Amino acid sequence: MQNQPNSNRRFFLTQMGLLAGGWFLPMQWTSASTPKKCRYKVAVIDLMLLKRQKLSAFDLTKEIGADGLEVDMGGLGNRETFENQLADPSIRRKFLTKAKELKLEICSLAMTGFYAQSFATRPTYIKMIQDCLNTMKAMDVNVAFLPLGVQGDLVKNPELRQPIVDRLKVVGKMANKAGVVIGIETALDAKGELTLLKEIGSKSIKSYFNFSNALKNGRDVCEELKILGKKNIIQIHATNEDGVWLQNDPKIDLVRVKQTLDDMRWAGWLVIERSRDANNTKDVKRNFSANTAYLKKIFQLN
């Protein structure tokens with residue numbers, strides 16, 4: 001115990017040095033644990049951590065300082081359905097046990113295979129969606145992420161609108177029966193996406209809003225959020241494209257975003273996808289720790 005003051009002093013000086021050099025540790029800017037009644041929680045994505053469906057993604061998530069993890073359904077390619085390890089009860093049990101052990105939540109399951117594959121034309125889309133719904137039920141996860149992706153870009157491919165709407169109506173009924181919500185990501189602006197959601201007409205299909213979609217098209221994130229409205233946004237990918245960390249990004253004012261979401265009385269998960277340092281995109285821990293810490297500083301400590 002005699003060495004404790006010196007140890008504390010060394011720790012303090014070390015931390016100050018890290019801050020001065022642009023480095024910091026997640027727990028410096030976050031509380032020891034997320035408040036139980038916190039309106040906003042912060043998650044990372046196993047795919048972007050380079051740990052798609054890997055158990056070690058949970059340990060890394062804990063080190064990063066996030067509250068939860070978006071877990072991917074696995075690759076798709078030309079298969080009938082996702083290459084989903086979580087269909088195996090023994091593997092699924094390990095994931096759930098690890099999450100509980102580390103006090104982490106699984107905020108959503110992601111069908112990222114549709115980033116490159118066509119939701120509008122794949123003949124086995126019902127099997128794919130059902131496999132995701134079955135996994136959600138088995139893991140007690142209430143939200144799934146469905147990107148319409150490059151081939152489902154409704155701005156560049158407007159002729160796909162009707163088949164996509166027809167399929168999402170089917171998916172909406174499936175999700176409603178399962179008691180879950182599927183969040184879609186489109187290339188449309190907020191007005192266009194709101195119109196699309198009305199066409200689909202399902203309370204189980206909502207928007208999975210992505211900051212970067214608005215930013216790269218020169219749209220105001222806050223105005224887009226207000227147009228969509230509280231009831232139509234299920235989760236948010238709260239990052240921009242890669243380039244700089246959120247704290248250094250002049251294109252987005254997160255304090256204003258928080259005020260907008262507060263005014264909307266929205267609550268939910270802010271999920272970190274990108275905003276990696278373009279000079280060092282492969283330093284997973286540093287990039288995601290930085291963005292987690294900053295989101296928590298803005299959304300949980302203010």
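Source: prediction; values computed, not measured.
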Test item: side-chain donor near acceptor, [X] and [Y], under 3.5 Å:
{"X": "Asn291", "Y": "Ser275", "answer": "no"}
{"X": "Asn287", "Y": "Trp245", "answer": "yes"}
{"X": "Glu241", "Y": "Ser212", "answer": "no"}
{"X": "Glu70", "Y": "Ser108", "answer": "yes"}
{"X": "Lys51", "Y": "Ser56", "answer": "yes"}
{"X": "Thr135", "Y": "Asn84", "answer": "yes"}
{"X": "Asp67", "Y": "Tyr40", "answer": "no"}
{"X": "Asn213", "Y": "Glu224", "answer": "no"}
{"X": "Tyr208", "Y": "Gln235", "answer": "yes"}
{"X": "Asn210", "Y": "Glu273", "answer": "yes"}

[Y] side chain reached by [X] side chain, heavy atoms, under 4.5 Å:
{"X": "Phe114", "Y": "Met128", "answer": "yes"}
{"X": "Val255", "Y": "Gln259", "answer": "no"}
{"X": "Leu254", "Y": "Tyr294", "answer": "yes"}
{"X": "Leu196", "Y": "Thr186", "answer": "yes"}
{"X": "Asp189", "Y": "Asn217", "answer": "no"}
{"X": "Ile272", "Y": "Met48", "answer": "no"}
{"X": "Lys137", "Y": "Val180", "answer": "no"}
{"X": "Trp266", "Y": "Arg39", "answer": "no"}

So, are [X] and [Y] salt-bridged, with charged N and O less than 4.0 Å apart?
{"X": "Glu199", "Y": "Lys169", "value": "no"}
{"X": "Arg274", "Y": "Asp242", "value": "yes"}
{"X": "Asp283", "Y": "Arg276", "value": "no"}
{"X": "Asp59", "Y": "Lys98", "value": "yes"}
{"X": "Arg79", "Y": "Glu83", "value": "yes"}
{"X": "Asp220", "Y": "Arg256", "value": "yes"}
{"X": "Asp88", "Y": "Arg92", "value": "no"}
{"X": "Arg52", "Y": "Asp72", "value": "yes"}

Checklist entry - How far apart are the C-alpha atoms of Leu168 and Leu146, what are their side-chain angles, what is the distance that settles it, and do they pass the side chain to side chain contact (heavy atoms under 4.5 Å, CB included) test? => result CA-CA 10 Å; Leu168 286 175; Leu146 172 59; 3.9 Å; yes

Item to check | side chain to side chain contact (heavy atoms under 4.5 Å, CB included) between Val181 and Ile205, intermediate numbers included | outcome: CA-CA 6 Å; Val181 174; Ile205 303 290; over 6 Å; no

Checklist entry - How many angstroms lie between atom CG of Leu295 and atom CG of Leu301, to the nearest 0.5 angstrom? => result 11.5 Å

Next on the checklist: To the nearest 0.5 Å, what is the distance between CD1 on Ile164 and CD1 on Ile200?
Outcome noted: 9.0 Å

Checklist outcome for this item: Between Leu225 and the options Asn232, Asp263, Ile236, the side chain to side chain contact (heavy atoms under 4.5 Å, CB included) test singles out Ile236

Next on the checklist: Which heavy atom of Glu193 sits nearest to which heavy atom of Ile184, and what is that distance?
Outcome noted: OE2-O, 4.3 Å

Next on the checklist: Quick check on Lys103: does its NZ atom have over 12 non-hydrogen neighbours (other residues, nucleotides or ligands) under 6.0 Å away?
Outcome noted: no

Item to check | side chain to side chain contact (heavy atoms under 4.5 Å, CB included) assessment of Phe288 paired with Ile45 | outcome: CA-CA 10 Å; Phe288 286 93; Ile45 304 170; over 6 Å; no

Item to check | Test applied, ring pair (Phe, Tyr, Trp, His ring centres under 6.0 Å); reference residue, His237; option that passes from Phe145, Phe209, Phe211 | outcome: Phe145

Next on the checklist: Using the rule given for side chain to side chain contact (heavy atoms under 4.5 Å, CB included), can you reason through Met136 versus Cys132, listing the C-alpha separation, both sets of side-chain angles and the distance that settles it, and then say yes or no?
Outcome noted: CA-CA 6 Å; Met136 293 172 75; Cys132 183; 4.0 Å; yes

Item to check | Sub-6.0 Å ring centroid separation between Phe95 and Phe58 | outcome: yes

